Amino acid sequence: MATDVTHGDLPFRAGADQPRRVFAFNGGFFTQQRVRRIMQLAGYPIRAGLPDRGDLVAIWGDSPTAQRGRHVAGRFGADLLRVEDSFLRSLHPGRAGEPPLGLNIDLSGVHFDGREPSDLEDLLMRHPLDDTALLDRARHAIARIRDGHLTKYSAVDPTHPAPEPGYVLVIDQTRGDASVTASGADRDRFREMLIYAMEEHPGARVLIRTHPETQAGYRAGHFDDSDLNDRVTFCDAEISPWTLLDGAVGVYTVSSQLGFEAILAGHKPRVFGQPFYAGWGLSLDDNAPPRRERRLTRPQLFAAAMILYPTWYDPFHDCLCPLERVLDVMEAQTRAWREDRHGWIATGMRLWKRKPLQGFFGGSRKVIFDDDPARARARADASGRRWIVWAGKARDADTAVRVEDGFLRSRGLGAALVPPLSLITDDRGIYYDPTRPSMCERLIAERETLRPDQAQRARALISAIVDARLSKYNLGQGLPDLPTGHRVLVPGQVEDDASIRTGTQAIASNRALLETVRAARPDALILYKPHPDVEAGLRPGAVDVDGLADVILGATDPAGLLSQVDEVWTMTSLLGFEALLRNVPVTVLGTPFYAGWGLTTDRGAVPARRRARPTLEGLVHAVLIDYPRYVDPVTAMPCPAEVAVERLASGMPIRRGAGNRVLAKLQGAFATYAHVWR
């Protein structure tokens, strides 16, 4: 009798009340820390020794070492616990050393072996799979996986040119693969499949999709050059499987997971083996297990295989999690790999920024710093690396990718040399410069329409930020007692800031801003908050506010302040965006990134190209989830926005050395000196 099992989110099987001891005789269960930890969290801590009757012996699928575990289990009367990688595993194959983000833990069988039932097959046969919320989650997750070009090994390039559509896709697998063996297939079966593909699609091109482990040189496939001809070619590029599926007119597989993804992409693949997805009416099956008589929809198949069956792991909180959190993690990791894998040449980066930049962009290949723009461009062109420039030092003619601090940056000032948790990369322009298009604008326009799950994620992020009273720098003291009246908050800015230079017209100084607000709101209580960099003496922008402001709020927590005001007037300050998160009306006199979309009162010039009308959730999804990159200060891994918010909310300080403190003071002195002589 099986013990209690929790597949993904929901308990499914029922059995004994007490946990059972789990033994293993495969060294990987002891040496692979992530695997061991997931097993422990799932209620199956691995131990050494010999089992008793009724204990469990963990084996890895049908790997070569599994026979050892079977032998011990049979000898001592123990039951088997079969473990396999989940269907959304990692960037690279396990043989590359990367740990998994989830496991398929099965008490009945193994999902890829149709000769006997498994827990997954039991789910597909007996679970109602009719809950509306569950099926909505499945639909939304399928859309996210397709949009993000995620797959079992997600180190693929969505920008790789696609073959001309109209081909037949034949999927190769590695020799000795357990799912191939379980299906009774061999090289002859793969060649037979290729013949079927050619005969059933006369005249069509045939692409043989090489397995990622074959591409990496780990294991050979079933096809070789002798199978090629004028119609048949290999496809072994890092092209996304979703791109390949979009252009295919037919899909043929023995038991590859790509057959499952073909179903999700709308195909009805022809299946020559007995994978878990065969036999449910979603594929053309040569040899599906006859006991699989139920007919399922794509969301039902996905819900069982990706939500209910796997045990998913969150590496940032060291806990089990739902599929959606794993998608957050995979999106962050794949973006970093895809952008960084060719390496970067960086220009215009101050010395103190180089270590944080290396942490953001040097995960695949170390960043090379070169302060000569012409030489950096030439080196990038010659080496295949990308060229990145700090946005404030990029010239209009530069073709480099621009980088800037993110909107949820740190606990402490950038001018004080506190390293960031988020950075922005933009290959079109930069968010603060409305004189030219930017990736920020494009993302905001694309988020005019959101799926329900995207809107829900954005709302949850807004709530987390507001509840934790977060802002860009997360500095400031408690609020003073404020006089009563109609309170208008006016945030001061650094007057030589790039957003002022490029995003303002007639009103371009703190004094002019205050004069305009006083004229527009003569009876209001005007609260002036100087910029933290100006308060700290690090940047120019000090102003005499006599007669223009009623209260000066120095060193005050901006997030807390926003809950006490009736409106915000600003030139281009990020505080205007932070006010929108808290449903505070905002009037802008310049053209910040959040202006012109119907969410603010705009008195500045708005580019005509800003025609989209996103909701607040759409704006937040674009500028806090899609646009920046985040690095977790605890694990040093690329992370989703939610993790950065949690780290900032925890109050965890981001350390900087004594040398950085000295550099910050010198930087402030030079900035003040330059401002005096301008």
Side-chain angles (χ1 to χ4, degrees), residues 5-13 86-88 102 104 106 108-109 111-112 114 117-152 169 171 179 241-242 244-246 248-310 312 322-324 326-327 450-456:
V5 173
T6 299
H7 290 288
D9 297 17
L10 304 173
F12 181 64
R13 295 177 63 87
S86 59
F87 302 127
L88 187 68
N104 294 332
D106 202 306
S108 302
H111 66 80
F112 56 72
S118 66
D119 287 350
L120 176 53
E121 183 176 297
D122 207 18
L123 279 165
L124 291 166
M125 291 182 69
R126 296 200 300 112
H127 194 288
L129 297 174
D130 60 356
D131 180 73
T132 300
L134 175 65
L135 297 181
D136 283 345
R137 287 179 63 195
R139 294 183 186 95
H140 298 153
I142 293 170
R144 282 186 73 177
I145 289 171
R146 291 193 66 173
D147 290 349
H149 293 267
L150 304 180
T151 182
K152 185 172 185 177
L169 191 62
I171 304 167
S179 73
W242 299 100
L244 280 178
L245 291 168
D246 282 345
V249 295
V251 178
Y252 291 72
T253 184
V254 171
S255 57
S256 169
Q257 182 181 314
L258 193 50
F260 172 52
E261 292 166 354
I263 291 172
L264 302 182
H267 288 279
K268 197 167 187 177
R270 181 153 186 180
V271 180
F272 289 76
Q274 294 186 335
F276 72 89
Y277 53 83
W280 312 106
L282 297 169
S283 53
L284 301 172
D285 305 311
D286 273 31
N287 189 29
R291 63 183 177 273
R292 298 179 184 175
E293 298 178 343
R294 189 180 184 185
R295 291 298 172 259
L296 299 172
T297 65
R298 292 183 179 91
Q300 287 176 318
L301 177 66
F302 182 92
M306 295 291 283
I307 296 177
L308 301 180
Y309 181 54
W312 297 112
L323 170 64
E324 289 81 0
V326 170
L327 295 180
L450 293 179
R451 295 192 309 268
D453 62 304
Q454 294 170 325
Q456 180 181 6

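It should be emphasised that the depicted structure is a prediction, and the values quoted were computed from it without experimental measurement. Sequential numbering from 1 along the given sequence is applied to the chain's residues. All heavy atoms count here, side chains included; hydrogens, waters and symmetry mates do not.
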Checklist entry - Rounded to the nearest 0.5 Å, what separation is found between the CD atom of Q274 and the CZ atom of R292? => result 7.0 Å

Checklist entry - Do F87 and I145 come close enough that some side-chain heavy atom pair is under 4.5 Å? => result no

Checklist entry - What pairs meet the ring pair (Phe, Tyr, Trp, His ring centres under 6.0 Å) rule with one or both residues in residues 254-275, with sequence neighbours excluded? => result Y196-F272, F260-F276

Checklist entry - Is there side-chain contact between L150 and L88, with at least one heavy-atom pair below 4.5 Å? => result yes

Checklist entry - Can you name the one residue among D106, D122, D119 that meets side chain to side chain donor-acceptor pair (under 3.5 Å) with Y309? => result D106

Item to check | Closest non-hydrogen atom pair between S255 and S179, with its separation | outcome: OG-OG, 2.8 Å

Item to check | L124 and L296: CA distance, side-chain angles, deciding distance, side chain to side chain contact (heavy atoms under 4.5 Å, CB included) verdict | outcome: CA-CA 8 Å; L124 291 166; L296 299 172; 3.6 Å; yes

Item to check | Partners meeting salt bridge (charged side-chain N to carboxylate O under 4.0 Å, His left out) with R298 (sequence neighbours left out) | outcome: none

Checklist entry - Are any of the side-chain heavy atoms of H140 and Q456 separated by less than 4.5 Å? => result no

Next on the checklist: I want to check something: taking the side chain as every heavy atom from C-beta on, are L245 and R146 in contact at a cut-off of under 4.5 Å?
Outcome noted: no

Item to check | Inter-residue atom distance I171.CD1 - L258.CG, 0.5 Å rounding | outcome: 3.5 Å

Checklist entry - Shortest non-hydrogen contact from L282 to P269? => result O-CD, 3.8 Å

Checklist entry - With sequence neighbours left out, which residue pairs that include part of residues 262-271 fulfil the salt bridge (charged side-chain N to carboxylate O under 4.0 Å, His left out) condition? => result E200-R270, R270-D286

Item to check | D285 side chain to A278 backbone, donor-acceptor under 3.5 Å | outcome: no

Checklist outcome for this item: Between L134 and I307, the two heavy atoms sitting closest are CD1-CG2, 3.8 Å

Next on the checklist: Can you confirm whether Y277 sits close enough to L301 that some side-chain heavy atom of one is under 4.5 Å from a side-chain heavy atom of the other?
Outcome noted: yes

Checklist entry - Would W312 and S86 count as a side chain to side chain contact (heavy atoms under 4.5 Å, CB included) if you check the C-alpha gap in whole Å, the side-chain angles of each, and the deciding distance to 0.1 Å? => result CA-CA 8 Å; W312 297 112; S86 59; 3.2 Å; yes

Next on the checklist: List the residues meeting side-chain hydrogen bond (donor to acceptor under 3.5 Å, both in side chains) with Q454, not counting sequence neighbours, and say none if there are none.
Outcome noted: none

Next on the checklist: Can you list everything that forms a salt bridge (charged side-chain N to carboxylate O under 4.0 Å, His left out) with D147? Sequence neighbours excluded, please.
Outcome noted: R451

Next on the checklist: Looking at R137 and D131, is there a salt bridge between them, counting it only when a charged N and a carboxylate O are closer than 4.0 Å?
Outcome noted: no

Item to check | Smallest separation among heavy atoms of P289 and G114, with atom names | outcome: CG-O, 3.5 Å

Checklist outcome for this item: Note: I263 and S283 closest approach over all heavy atoms is CD1-CB, 4.4 Å

Next on the checklist: I'd like to check the salt bridge (charged side-chain N to carboxylate O under 4.0 Å, His left out) partners of E261; sequence neighbours left out, ordered by chain and number.
Outcome noted: none

Checklist entry - Does W280 reach the side chain of E121, with side-chain heavy atoms less than 4.5 Å apart? => result yes

Checklist entry - Tell me, do L323 and R144 make a side-chain contact under 4.5 Å, heavy atoms counted? => result no

Checklist outcome for this item: Taking every heavy atom of L123 against every heavy atom of R294, the minimum-distance pair comes out as O-NH1, 4.0 Å

